[in-house]
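What follows is a short report on a single structure.
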Amino acid sequence: MMDYRERINLLMKLRDVVRANEKKIYKALQDDLGKPEFEAYESEIGLIITELNYTIKYLSSWMKYKTVPTPYFHMPASSMVYREPYGKVLIISPWNYPFQLTLIPLINAWAAGNKVTLKPSEITGNSAKLIYDMMTENFHTSRVRVMLGGPEVTMDLLDKKFDFIFFTGSMRVGKIVMEKAAEQMTPVSLQLGGKPPCLIDDTCSLKAAAKKIVRGKFMNCGQSSLAPEFVLIDEAVKDKFITYLDYYITKFYGKDPLNSPDYGRIVNLEHFFRLLDLIEHQEIIIGGDFDTYQIKISPTVVTENSLCSDMMKTEIFGPILPIITYRTWEEAVDRIMRFQHPPAMYLFTKDKNHEEFIKNHYSAGSICVNDVLMQAMTPYLPMGGVGSSGMGKYHGKAGFDLFSNVKSVMKRKSRGENKIVYPPYRDKLKWLKKLLK
Ligand code: NAD
């Protein structure tokens, strides 16, 4: 089993490797997704380095076994919780944040002492190839292997025996992964998509909300599983909010966002045409421009009247933001509750009651009040979905725990034990009831 020193050495080396490859990572992300360097650092490299620093700092305390109390009935004894690696772990990643969605699970899995096989997405081929080079040139295959290729490679891997599978991607493929894992009784963590709602009431600062939503929604050209999929806003303030959205889209990306160096592109033509189909019959309020040659769609805001349209039934996963209205808070709650269990949910409000209601009654992988995406960019908060958006939390200590078997150990003393547990029981039940009450 990998000891503390070996794990730390791997993590410190990975930090050096990521830093040494910074320029190559920018280039791969530019080629695959047109990602500006600032976004590449903020949402990929920076997150990986932060996760590494945090893990390196706390790993020794996470690895120590923890002593817990022992019930009186079991005395004399001591109880401890150990964490051991699962063994061989498979990590399957999507294309939208190809580095951090591959390397943060790797950091968590290594911290827990596992051997890892990585399967990056074939769709962002430059990033996948760079991950392959970074790993094969710097780490022994007994610690990490990288398998390049598409679904057929994943299917081959799923036929092999792993001790834990970590999958990030669509619900469709998540179901395949879970089915294959079930054949071998392999535990899985699934990080899936969904439709994160963004609820805005009439008490919040509309200007600040618009600013934050434009930044979070159109980062990575809207291709973020945690970005708001739709806005649900009080009818009374909708027009004002749209004016602010328009203002910030122009302020951030200029009058011609398709040619802004700060705006990424759609990953490929298949997704590009899928997104254009979605807005074909929609009432477009802002944007709607596109450039097939650059595979770009400008930040687009549309009105949506039905909760059952194609737009509302599928994951948009692109730079299109539907706006839906409500008249009363009760109506807003009724509508939002139909979209339970997304990977994230956003609320813009100054009303404490609204905030408390959502935090206590709305089920989502994560909630952020008065901003978007920020809750996912910290190693202190566990990250992961619930229900249809997945299972298992990672990042930081949660990630260390996810990739560990939490092993309970009780050490009993052979002398001084309670003898009433042994047959014949006779009239011992009344004593047992006194002990176990
Ligand atoms: P995907 O499910 O199509 O692919 C994910 C991985 O599975 C890739 O490595 C791919 O090669 C493999 N794969 C694809 N089809 C397969 C098949 N038929 N059999 C076996 N393996 C197959 O997902 P994607 O398009 O790469 O990513 C987008 C999806 O991922 C969205 O649904 C998004 O919401 C989700 N996502 C979720 C999170 C999260 O943290 N919850 C983060 C990023 C992306």
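Heavy-atom basis, side chains included; hydrogens, waters and symmetry copies ignored. FYI, the numbering just counts along the sequence from 1. Remember, it's 1-based here, ligands and their atoms both numbered in the order they're listed.
- Note: Tyr54 and Tyr380 meet the aromatic proximity criterion, with ring centroids under 6.0 Å apart.
- Of the residues Asn53, Thr55, Ile48, Ile107, the one that meets the side chain to side chain contact (heavy atoms under 4.5 Å, CB included) test with Arg15 is Asn53.
- Listed as neighbours of ligand 1 are Ile92, Ser93, Pro94, Trp95, Asn96, Leu101, Lys119, Pro120, Ser121, Glu122, Pro151, Thr154, Met155, Phe167, Thr168, Gly169, Ser170, Arg172, Val173, Ile176, Gln191, Leu192, Gly193, Ser225, Glu315, Phe317, Met383, each bearing a heavy atom under 4.0 Å from the ligand.
- Here the shortest heavy-atom pairing between Ile286 and Ile242 reads CD1-O, 3.9 Å.
- The ring-ring contact (aromatic ring centres under 6.0 Å, His included) search around Tyr4 returns none, not counting sequence neighbours.
- Exactly one residue among Glu315, Glu304, Glu229 makes a salt bridge (charged side-chain N to carboxylate O under 4.0 Å, His left out) with Lys195. That residue is Glu229.
- No close placement of the Trp62 and Phe403 rings is indicated, their centers lying 6.0 Å or farther apart.
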